Number of protein chains: 2
Amino acid sequence: MARPRAEDYDEKRKAILKTSAELFAEHGFDRASMSQIAQGCGVSKALLYHYYTNKDQLLFDIIRDHLDELIQGVELAVDTSKPAEALLRDYVAALLEAYRDANAEHKIQINEMKRLPPDQQEELKARERHLVRLFADAIAKAVPELGSGSLLLKPVTMSLFGMVNWHYLWFREGGPVSRDDYADIATTILLNGARSLAG
Amino acid sequence: MARPRAEDYDEKRKAILKTSAELFAEHGFDRASMSQIAQGCGVSKALLYHYYTNKDQLLFDIIRDHLDELIQGVELAVDTSKPAEALLRDYVAALLEAYRDANAEHKIQINEMKRLPPDQQEELKARERHLVRLFADAIAKAVPELGSGSLLLKPVTMSLFGMVNWHYLWFREGGPVSRDDYADIATTILLNGARSLAG
DNA sequence: CCTACCGATCGGTAGG
DNA sequence: CCTACCGATCGGTAGG
């Protein structure tokens with residue numbers, strides 16, 4: 001009889017991913033050693049290698065899980081039958097909410113993806129494109145002049161991602177402006193800005 | 001012959017900084033070895049250590065020189081007697097222009113600064129604050145409702161930096177939207193967005 | 001033959 | 001200004 005998979009296998013995997021993401025973000029991918037990660041997880045290095053065949057696989061799973069959580073967070077939180085403007089606002093709020101407690105993963109996604117082999121990079125970039133498309137479509141619906149073929153849709157969409165994806169460098173939890181406040185601010189800036197561009 | 005040694009010294013230093021910045025950005029700070037950098041510069045490792053006592057000093061100089069060039073580029077390019085709105089637009093265009101051919105330094109500034117000792121970090125952060133203040137003041141002048149004490153000035157200013165500092169991840173030279181076009185787009189979005197926020 | 005896990009240590013390479 | 005070489009530590013793997 002084959003030895004069954006440990007009951008807490010998935011739990012342990014998740015815990016390893018979270019700990020290693022924090023160590024990678026804090027010390028950088030190279031300086032965070034597999035020994036440190038094992039120690040931080042309270043497991044032996046050999047057990048760490050049982051869960052992840054190598055360091056790159058750890059990196060891949062961190063980014064993949066993070067992107068999946070962003071996409072899920074955004075897709076589940078919104079009601080696509082809402083008016084386009086409210087829909088975009090909900091997308092932005094959901095994305096900012098999905099970023100809560102995910103600064104480490106966010107930094108790793110932005111900075112370390114290129115270490116991975118091309119096919120793994122492509123798998124992750126496809127998820128990024130999926131997320132971008134959701135937002136671009138919502139913008140195009142809210143500001144129809146930007147839709148279908150306008151050269152402005154891409155730079156406008158990227159401007160929104162710039163605002164939202166840059167927040168981790170200045171936003172502080174518990175400050176005078178909440179996460180939800182900033183969702184309103186960024187959406188208002190983007191929508192009114194985009195309208196005056198299109199007009 | 002006027003001080004040929006000094007001139008040669010500065011040239012070599014600049015070349016070393018540029019080469020090492022590119023290697024750091026491409027492979028990461030840890031994986032880009034001092035031997036690689038020496039080889040890329042066409043000098044011996046020992047000569048490299050003659051110019052820079054250690055790897056961290058190289059990192060510090062890359063970021064310091066980069067920030068000085070951004071500040072200088074922005075301060076020299078604008079005419080502060082212009083109307084506030086045109087002034088902000090010129091600031092944004094000058095900053096985007098200063099970022100040309102500086103993607104490597106930009107990435108290093110954002111991602112590797114925390115490796116440095118606290119006093120060196122502080123020296124660099126003071127330069128960052130100086131740059132942010134220039135833009136925040138221009139925004140406050142162009143949209144007076146945001147000035148003096150408004151909780152919105154900081155998130156609005158950070159939204160502009162988000163748009164501009166994020167551009168290196170999607171902007172491609174020679175594409176349909178030029179660097180100058182994007183300066184117009186980002187400024188228009190920010191100004192009209194900020195006005196509707198304040199109103 | 002599978003998976004779960006340990007103590008010990010490998011060959012190579014880094015900054016200096 | 002170079003080559004040779006160091007102390008340390010890395011990612012990854014051995015037997016059981």
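A note on names: the letters A, B, ... follow the listed sequences, proteins ahead of strands, and every chain is numbered from 1. Bear in mind that the values here come from a model prediction, so they are computed numbers and not experimental data. Computed over heavy atoms, backbone and side chain alike; hydrogens, waters and symmetry mates excluded.
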Checklist entry - When the distance from CD of A/Q36 to P of D/dG11 is rounded to whole Å, what number comes out? => result 9 Å

Checklist entry - What interatomic distance, in whole Å, is found between P of C/dA8 and the corresponding atom of D/dG12? => result 22 Å

Next on the checklist: Is A/S44 close enough to C/dC5 that one of its side-chain N or O atoms is under 4.0 Å from OP1 or OP2 there?
Outcome noted: no

Item to check | For atom CG of B/L23 and atom C1' of C/dA14, their distance in whole Å | outcome: 16 Å

Checklist entry - Any Lys/Arg nitrogen of B/D180 or B/R89 sitting under 4.0 Å from an Asp/Glu carboxylate oxygen of the other? => result yes

Next on the checklist: Expressed as a whole number of angstroms, how long is the span from B/D30:CG to C/dT13:C1'?
Outcome noted: 13 Å

Checklist entry - Rounded to the nearest Å, what distance is computed from the CD atom of residue A/Q57 to the C1' atom of nucleotide D/dG11? => result 15 Å

Next on the checklist: Expressed as a whole number of angstroms, how long is the span from A/H50:NE2 to C/dA4:C1'?
Outcome noted: 5 Å

Checklist entry - Contact class for A/A32 (heavy atom, under 4.0 Å): base, sugar-phosphate, or nothing? => result sugar-phosphate

Checklist outcome for this item: With the side chain defined as heavy atoms from C-beta on, A/Y49 is closest, among C/dC6, D/dG11, C/dA4, to D/dG11

Item to check | Nearest-angstrom distance from the residue atom CG of B/N54 to P of C/dA14 | outcome: 18 Å

Item to check | Minimum-distance nucleotide to A/S33 side chain [options: C/dG15, D/dG12, D/dG11] | outcome: D/dG11

Checklist entry - Do B/K45 and C/dG16 have a side chain to base donor-acceptor pair shorter than 3.5 Å? => result yes

Item to check | Candidate nucleotides C/dG16, C/dC6, D/dG11, ranked by approach to the side chain of A/L47 - the nearest | outcome: C/dC6

Item to check | Length of the line joining A/Y51:OH and C/dC5:C1', which is rounded to integer Å | outcome: 10 Å

Checklist entry - Hey, does the Lys NZ or Arg CZ of A/K55 hover above the aromatic six-ring of A/F29, less than 6.0 Å from the centre and inside 45° of the axis? => result yes

Checklist entry - Rounded to whole angstrom units, what separation is found between the OH atom of B/Y52 and the C1' atom of C/dG16? => result 18 Å

Checklist entry - If you measure from CE on B/M158 to CG on B/N165, what distance do you get to the nearest 0.5 Å? => result 9.0 Å

Next on the checklist: If the threshold is 4.0 Å, N to carboxylate O, is there a salt bridge linking A/R115 and A/D56?
Outcome noted: no

Checklist entry - Closest to the A/M34 side chain: C/dC5, D/dG11, C/dG15? => result D/dG11

Item to check | Reported CE-to-CG distance for the pair A/M34 and A/L23, which is rounded to 0.5 angstrom | outcome: 11.5 Å

